[in-house]
Amino acid sequence: NEEHYESALALFNKVVAQKPDNGYAWAFIASIKQEGKMNDEALEAAQKAIQAIPASDSSFLAWTHSELARIYVSKLDTTAALEELTTSINLAPDDPDFRAYRGNLHQKHSDWEEAEADFKYIIKHNPNTIDGLLGLGSVQGAQDKHDEAIATFTQAITIDPNDADTYGYRAVEFYNTKRYGEALNDAIQALSIQEDNKHALWLLPFISNQDATMVIDSLEEKRKSDPSRSDYWEKILQRITSAPATPGRY
C-alpha cells in the first residue's frame with residue numbers, strides 16, 4: 001500500500017514459492033507486474049490467482065478480475081478487458097468502481113450507449129457522485145446531447161461548487177451551443193479554482209476567436225478583482241492574445 005513494489009513483490013514471491021496455490025499472493029503479484037508493464041507475467045499471475053481464490057470470496061475475485069482487465073487494456077485487448085469488468089460487476093454489483101472503469105473504457109472507444117448506461121446506473125444508486133456525473137455529461141456531449149450535458153454538469157456543480165472540472169466541462173458544452181458568454185464565465189471560474197484546468201485553458205482561445213473583446217475585458221476585470229493573483233491573470237491574457245486556437249475538439 002505504500003507503493004514499495006519491489007519489496008512487496010519479493011515477499012509475495014516467497015509466499016507462492018512455499019504455497020503455489022495462494023491465490024491472494026498471485027493476485028498481488030499480477031497487480032505489481034502490471035504496474036511495471038510486465039504484461040505477460042502479470043497475465044499469467046492473474047490467471048493463477050483466479051483459479052486459486054475461493055469462490056466464496058466474491059469481492060476479492062471481483063477486484064482480481066478488474067486487475068486482469070487492466071492487464072488486457074495494457075495489451076490493447078479491449079474486448080477481453082470489458083469481459084473481465086463485466087465479471088467484476090456480476091461478482092460485486094454494489095461496487096461502483098468496476099462499473100465506472102467499464103464506463104470509462106466504453107467512452108474511450110466511443111461506445112456511447114454502453115458508457116451512458118454505466119454512468120446512469122452509477123448515478124441512480126449514488127446521485128451525488130461527481131465522477132459519475134462528469135462521465136455521463138462527457139458522454140452526452142460526445143453524442144451532441146449538449147443541453148442534457150449542461151444539465152448534468154449543472155447538477156454536479158450544485159453538489160460541489162468547488163470542483164473546477166465541472167465548470168470546465170460545462171464551459172465546453174456552453175461553447176458547443178454558442179453560448180459564449182456563459183462558456184467564458186465557466187472557464188474563468190474553473191481557472192479561479194484550479195489555475196491549470198486543462199478544459200478551460202484549451203477552450204479560452206476558441207471563445208476569443210468568437211469575441212476577443214469580451215474575453216479580454218472579462219480577464220482584465222478578473223485581474224483587477226483578484227489582485228493577489230493579478231500576475232496569473234496577466235499571463236492568461238498574454239496567452240490568449242498571442243496564441244490563437246487550433247482546430248480540434250476536446
Side-chain angles (χ1 to χ4, degrees), residues 96 100 103-104 107-108 112 115-116 118-120 122-124 126-250:
N104 286 324
Q107 179 183 0
K108 181 179 179 181
W112 305 126
E116 186 170 355
D118 274 340
F119 290 125
K120 282 185 174 179
I122 294 169
I123 295 166
K124 179 180 178 181
N126 183 5
N128 293 330
T129 171
I130 297 299
D131 288 342
L133 289 166
L134 289 179
L136 176 60
S138 298
V139 170
Q140 290 169 331
Q143 298 176 89
D144 294 328
K145 301 177 181 178
H146 301 301
D147 289 336
E148 291 181 31
I150 289 170
T152 299
F153 294 135
T154 300
Q155 182 180 345
I157 289 169
T158 301
I159 294 168
D160 185 0
N162 295 314
D163 188 286
D165 279 339
T166 56
Y167 293 98
Y169 277 101
R170 192 175 69 171
V172 174
E173 297 308 321
F174 277 137
Y175 179 87
N176 287 334
T177 54
K178 299 183 179 181
R179 295 159 68 176
Y180 302 124
E182 290 167 282
L184 176 60
N185 290 338
D186 269 0
I188 291 176
Q189 181 62 27
L191 295 174
S192 297
I193 298 170
Q194 180 187 29
E195 292 185 352
D196 62 347
N197 186 267
K198 57 184 179 181
H199 307 93
L201 291 174
W202 174 85
L203 185 63
L204 276 177
F206 288 95
I207 303 174
S208 182
N209 283 353
Q210 301 296 329
D211 191 335
T213 300
M214 177 183 68
V215 173
I216 292 171
D217 288 347
S218 294
L219 288 172
E220 285 282 8
E221 182 179 344
K222 186 64 178 179
R223 184 175 62 82
K224 294 176 182 178
S225 65
D226 189 10
S228 64
R229 293 196 295 168
S230 60
D231 289 346
Y232 168 75
W233 294 112
E234 181 62 31
K235 289 179 182 178
I236 297 298
L237 268 167
Q238 292 177 1
R239 175 174 178 166
I240 295 304
T241 56
S242 63
T246 55
R249 176 174 180 173
Y250 189 81

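Every heavy atom of this structure was used, including side-chain atoms; hydrogens, water molecules and symmetry mates were not. The chain is numbered in sequence order, starting from 1.
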**Q** Working to the nearest 0.5 angstrom, can you tell me the gap between Phe119 CZ and Thr129 OG1?
**A**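 Nearest 0.5 Å value for the CZ-OG1 distance: 9.5 Å.
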**Q** Hey, are the side chains of Thr177 and Ile150 touching, using non-hydrogen atoms and a 4.5 Å cut-off?
**A**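 In contact.
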**Q** Are the charged groups of Glu220 and Arg223 less than 4.0 angstrom apart, N to O?
**A**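 Looking at Arg223 together with Glu220, the answer is yes, because their closest N to O distance falls below 4.0 Å.
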**Q** Under 3.5 Å, is there a donor-acceptor pair between the side chain of Gln143 and the main chain of Val139?
**A**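 Yes; judged by distance alone, with no hydrogens or angles, the pair exists.
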**Q** Between Leu204 and Leu191, is any pair of side-chain heavy atoms under 4.5 Å apart?
**A**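 Contact flag for Leu204/Leu191 side chains = yes.
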**Q** Find out whether Asp217 and Leu219 are in side-chain contact, i.e. whether some heavy atom of one side chain is under 4.5 Å from a heavy atom of the other.
**A**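 In short, these two side chains do not touch, never coming nearer than 4.5 Å.
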**Q** When rounded to the nearest 0.5 angstrom, what distance separates CD1 in Ile157 from CG in Asp186?
**A**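 Answer rounded to 0.5 Å: 5.5 Å.
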**Q** Is the ring centre of Tyr180 less than 6.0 Å from the ring centre of Tyr175?
**A**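 Tyr180 vs Tyr175: aromatic centres under 6.0 Å.
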**Q** Which heavy atom of Gly181 sits nearest a heavy atom of Met214, and at what distance?
**A**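 For Gly181 versus Met214, the nearest heavy atoms are CA-SD, 3.9 Å.
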**Q** Should Asn104 and Asp118 count as side-chain neighbours, where that means a heavy-atom distance under 4.5 Å?
**A**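 No, their side chains stay 4.5 Å or more apart.
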**Q** Has Asp165 got a side-chain atom pairing as donor or acceptor with Gly168's backbone, closer than 3.5 angstrom?
**A**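 Answer holds: no.
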**Q** Applying side-chain contact (heavy atoms from CB on, under 4.5 Å), run through Asn197 and Tyr167 and close with a yes or a no.
**A** CA-CA 10 Å; Asn197 186 267; Tyr167 293 98; over 6 Å; no
**Q** Can you tell if the side chain of Glu148 reaches within under 4.5 Å of the side chain of Leu136, non-hydrogen atoms only?
**A**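 Heavy-atom side-chain distance check fails, nothing below 4.5 Å.
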**Q** Between Lys120 and Glu116, is the closest basic N to carboxylate O distance under 4.0 Å?
**A**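 Yes, charged N to carboxylate O under 4.0 Å.
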**Q** If I compare all heavy atoms of Ala187 with all of Ala171, which pair ends up nearest, and what's the gap?
**A**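 Heavy-atom minimum between the residues: N-CB, 3.8 Å.
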**Q** CG/Asn185 to OG/Ser218 distance, rounded to the nearest 0.5 angstrom?
**A**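 Nearest 0.5 Å value for the CG-OG distance: 6.5 Å.
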**Q** Run the salt-bridge test on Glu195 and Arg229 with the 4.0 Å N-O cut-off and return the result as yes or no.
**A**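 So Glu195 pairs with Arg229 through a salt bridge.
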**Q** For Ser228, give me all partners under side chain to side chain donor-acceptor pair (under 3.5 Å), at least two apart in sequence or on another chain.
**A**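 Once residues adjacent in sequence are excluded, the partners of Ser228 under the side chain to side chain donor-acceptor pair (under 3.5 Å) criterion are Asp226.
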**Q** Measuring from atom OG1 of Thr166 to atom NE2 of His199, what distance do you get when rounded to the nearest 0.5 angstrom?
**A**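 Between atom OG1 of Thr166 and atom NE2 of His199 there are 10.5 Å.
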**Q** How far does CD1 of Ile122 sit from CG of Leu133, to the nearest 0.5 angstrom?
**A**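 Result: 10.0 Å between the selected atoms.
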**Q** What distance separates Ile236 CD1 from Thr241 OG1, expressed to the nearest 0.5 Å?
**A**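 So the gap between those two atoms works out to 11.0 Å.
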**Q** Are Leu134 and Ile130 close enough that some pair of their side-chain heavy atoms sits under 4.5 Å apart?
**A**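 Yes, their side chains come closer than 4.5 Å.
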**Q** Tyr169 side chain to Ala149 main-chain N or O, any donor-acceptor pair under 3.5 Å?
**A**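 Between the backbone of Ala149 and the side chain of Tyr169 there is no qualifying donor-acceptor contact (under 3.5 Å).
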**Q** Do Ser192 and Lys222 have side-chain atoms, one donor and one acceptor, less than 3.5 Å apart?
**A**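 On atom types as modelled, these side chains qualify, holding a pair under 3.5 Å.
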**Q** Counting only heavy atoms from other residues, nucleotides and ligands, does the tally under 6.0 Å from CD of Glu234 exceed 12?
**A**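 Yes - once you tally the heavy atoms of other residues, nucleotides and ligands closer than 6.0 Å, there are more than 12.
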**Q** Do Gln210 and Val215 have side-chain heavy atoms sitting under 4.5 Å apart?
**A**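 They are not in contact (no side-chain heavy atoms under 4.5 Å apart), so the answer is no.
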